[in-house]
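First the structure, in the form of structure tokens, and then the observations on it.
Chain naming here is simple, since letters A, B, ... match the order of the sequence lines and numbering starts at 1 in each.
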Amino acid sequence: MYSIFKIQDDIKQGITQSYKKIAADNGIDPSLIPEAELEVPKDRSFGDYATNAAMTSAKLFGKKPREMAGLMKENFPHTEYVSSIEIAGPGFINFKLDRAGLYNVLNEIDGMGDNFGSLDIGKGRRVQIEFVSANPTGPMHLGNARGGALGDVLASILQKAGYYVEREFYINDAGNQIEKFGASLEARYLELFGQDTEVPEEGYHGEDVVELMKEYIEKYGDVCLKMDSEERQKKLREWALEKNIDRMKDDLEAYGIHYDVWFRESSMYESGEIRDVINELKDKGHTYESDGAIWFKATDFGADKDDVLVRANGLTTYFASDIAYHKNKFIKRGFDTVIDIWGADHAGHVGRMKAAMAALGIDPDRLVVILMQLVRLKMGGEFARMSKRKGNMVTLRDLVDAVGRDAVRFLFNMRSADSQFEFDMDLAIKESNENPVFYVQYAHARICSILRNASSIGTEVPALADVDMTRLNKDAEYQLMEKLSSYPEEIGQAALRLEPYRITHYASDLASLFHSFYTECRVIGEEEEVMKARLVLADSTRKVLANALSLLGVNAPEKM
RNA sequence: GCGCCUGUAGCUCAGUUGGAUAGAGCAACGGACUUCUAAUCCGUGUGUCGGGAGUUCGAGUCCCCCCAGGCGCACCA
């Protein structure tokens, strides 16, 4: 167990003991007492930890908050880590820690290596996280880039927290949009042979479709000219889909994302799973027919409206596929929890999907949908309107090429999913030197530089047993150690609350404390014992920075 | 019209699930390199927390009503 958790437990137990004693003295039923809550005071000069326990329990004990706090302080047992207790404000109890307890973190980092920060709160539970899942009808856009950064890092965090995690990409390679894609391909194909055709109004008008057909003609010439339209579209569609899927894989790999599973919607048509799930819902009486279509009664399960499973023309909807897909995740593959990352424009879909899960007997709480607010691109001081169908968009690939993989991943993980993201392209490219990611990477490179210089004068990072850690006694050093020791807690928070942005913030904070330490405390050239202790501290910081950056999928350079 | 998300410093955003005097980065200004990387550090200030009412010892945070922006409200995905 990490020392930070031991210390917190220590204080919580102290509070509980104190409570019990006071309860006994006053004849109060101890089971009524609320559980102690620890918090970190906003102003650290108050102490390392604080509790509002006296204020929340004052009423129960029939005392004034400050009086209650005084009693609790008197009855607080002696513990290993707490060095002083003070009462302040309306009745806060502030705890200061014995700073020697902080040195433990250096041992933990040394002993655990890359596993430092790992937790077992997941207890091996199986989590699937599905993200990006862009239509294979063209290149991926900025929203996909955001979803990719969020999903990939969240997956890493959950793994670190002890969950079994699979990353999955759902390929919509069937259905209505794919038909339109085929029609668009055909139009461009014929157009390239001089025929007078037009891309359908609702089709895909982007230049990438033309490029695809040029490439196809280069390879296969006019073989599709003499086919009938249906066959031709099928041929072109199948070829283009594979092409696009391969390209998405390449682009995502370049972005640092690797999926465990690429799941095709079409596979569920072949296996019959879509038909089966529709029949299951029918059999259970959760459907009805209206205007020739088959509807799912989502409103029976709390959704705000029903939705169509089978259209009047006999074709199944995306919704039907998605139900079958999620049943596959939960039932066939047995995931305990499924996390989907969707754009905010799919918000209306959430209630109906959960309703469908409930109808299938799956606890809807096991499906967690993270709604990501949309990304707006600012270029030349204006917000660009983008559309895949119109083809006037900046792609994920463009972004990664222009701004750099590290910066893009870091930037997208700086904000919570439910804030809108304004991506200023000009700023990202022009002023990328002022990007926060470089600040963190620079801290890492600086440490590496110290270690190199030390090595060049014959000094390596010493074994911990040979180091007098009490030589680390400056404020900058204590603050750095405090931050290092809070890393596991930060992982836990990020995992439980599904908030990857906590890790970018943590990395920035840690880098900042290191830069301050660097300015205030020299390493090389100091007295031998001080140098050794600081080498260990610097190296520990380097390891944790690299650890956090690796969760983010961002490089930790040794030189910059 | 209804539902979801958002509104906090000039800009971009945090705010530990209701706690103490509301924070950080950027931008602006002033300092700091003969010494381990100045992509750095130190200092300076700015808030009707969109507005109004309410809940209580205590509200940026919770309830209600408005205002503004984004996204939905398809036999599209």
Side-chain angles (χ1 to χ4, degrees), chain A residues 37-43 46 50-52 55-56 58-59 64-65 88-92 94 133 135 137 172 175-178 180 202 265 290-295 304-305 307-319 321-322 342-351 371-374 376 411 414-422 424 427 431-443 445-454 456-457 489-490 493 497 499 501-502 505 508-509 511-512 514-526 531 534-535 538 559-560:
Chain A
E37 274 179 37
L38 266 196
E39 58 189 39
V40 177
K42 269 181 190 155
D43 185 341
F46 287 131
T51 182
N52 59 0
M55 289 181 281
T56 55
K59 228 174 215 172
K64 289 178 179 164
F92 286 99
N94 294 322
S133 296
N135 272 351
T137 51
N172 298 121
N176 203 33
Q177 293 303 317
I178 299 301
K180 288 176 186 166
E202 292 291 299
E265 181 182 6
S290 173
D291 299 327
I294 298 173
W295 295 69
D304 51 5
K305 66 184 278 293
D307 208 349
V308 172
L309 297 170
V310 185
R311 291 183 275 174
N313 63 10
L315 296 176
T316 55
T317 59
Y318 166 86
F319 182 48
S321 294
D322 224 14
W342 294 350
D345 51 341
H346 289 61
H349 197 54
V350 178
L371 285 177
M372 176 185 77
Q373 295 299 312
L374 302 181
R376 296 206 301 169
L411 282 171
M414 284 182 65
R415 306 210 185 123
S416 77
D418 49 23
S419 76
Q420 280 176 53
F421 203 109
E422 291 184 4
D424 190 328
L427 201 78
E431 298 189 291
S432 60
N433 275 4
E434 287 164 17
N435 193 302
V437 70
F438 293 104
Y439 182 82
V440 177
Q441 290 180 317
Y442 182 56
R446 251 185 164 178
I447 298 172
C448 291
S449 175
I450 294 175
L451 300 182
R452 272 195 307 273
N453 290 330
S456 74
I457 58 166
E489 192 178 31
E490 211 59 57
Q493 289 292 315
R497 300 157 84 125
E499 292 174 340
Y501 72 85
R502 289 176 177 277
H505 290 182
S508 299
D509 290 347
S512 170
F514 176 77
H515 286 309
S516 297
F517 161 81
Y518 182 90
T519 305
E520 196 177 323
C521 304
R522 285 196 58 79
V523 178
I524 294 166
E526 289 290 321
M531 175 175 72
R534 286 181 179 168
L535 274 173
K559 284 183 183 176
M560 282 176 80

Nearest-neighbour nucleotide for the Asn94(A) side chain, rU16(B), rC13(B), rA20(B) considered: rA20(B)
When both distances are under 3.5 Å in a Watson-Crick or G-U wobble arrangement, the nucleotide paired with rG3(B) is rC71(B)
Flag this pair as yes if the NZ/CZ of Arg446(A) is under 6.0 angstrom from the six-membered ring centre of Tyr518(A) and inside a 45 degree cone about the axis; otherwise no. yes
If you go through the side-chain atoms of His505(A), does one of them form a donor-acceptor pair with the base of rA24(B) closer than 3.5 Å? no
Protein proximity profile, nucleotides 57-64 of chain B - base contact B, sugar-phosphate-only contact S, no contact -, cut-off 4.0 Å on heavy atoms: S--B----
Heavy atoms only, 4.0 Å cut-off, all strands: where does Tyr439(A) land among base, sugar-phosphate and nothing? sugar-phosphate
Whole-Å distance between rU37(B) C1' and Asn453(A) CG? 9 Å
Decide if the gap between the ring center of Tyr318(A) and the ring center of His349(A) is smaller than 6.0 angstrom. yes
Distance flag, aromatic centroids of Phe517(A) and Phe514(A), threshold under 6.0 Å: yes
What is the pairing partner of rA59(B), taking Watson-Crick or G-U wobble pairs with both distances under 3.5 Å in any strand? none
Which part of the nucleic acid, if any, lies within contact of Tyr501(A), taking any heavy atom under 4.0 Å across all strands shown: a base, the sugar-phosphate backbone alone, or nothing? sugar-phosphate
Should rA28(B) form a Watson-Crick or G-U wobble pair with both distances under 3.5 Å, which nucleotide is its partner? rU44(B)
Using purine N1 to pyrimidine N3 plus N6-O4 or O6-N4 for Watson-Crick, or N1-O2 and O6-N3 for G-U wobble, each under 3.5 Å, what pairs with rA22(B)? none
Ring centroids of Phe92(A) and rG19(B) base under 5.5 Å with planes under 30°: no
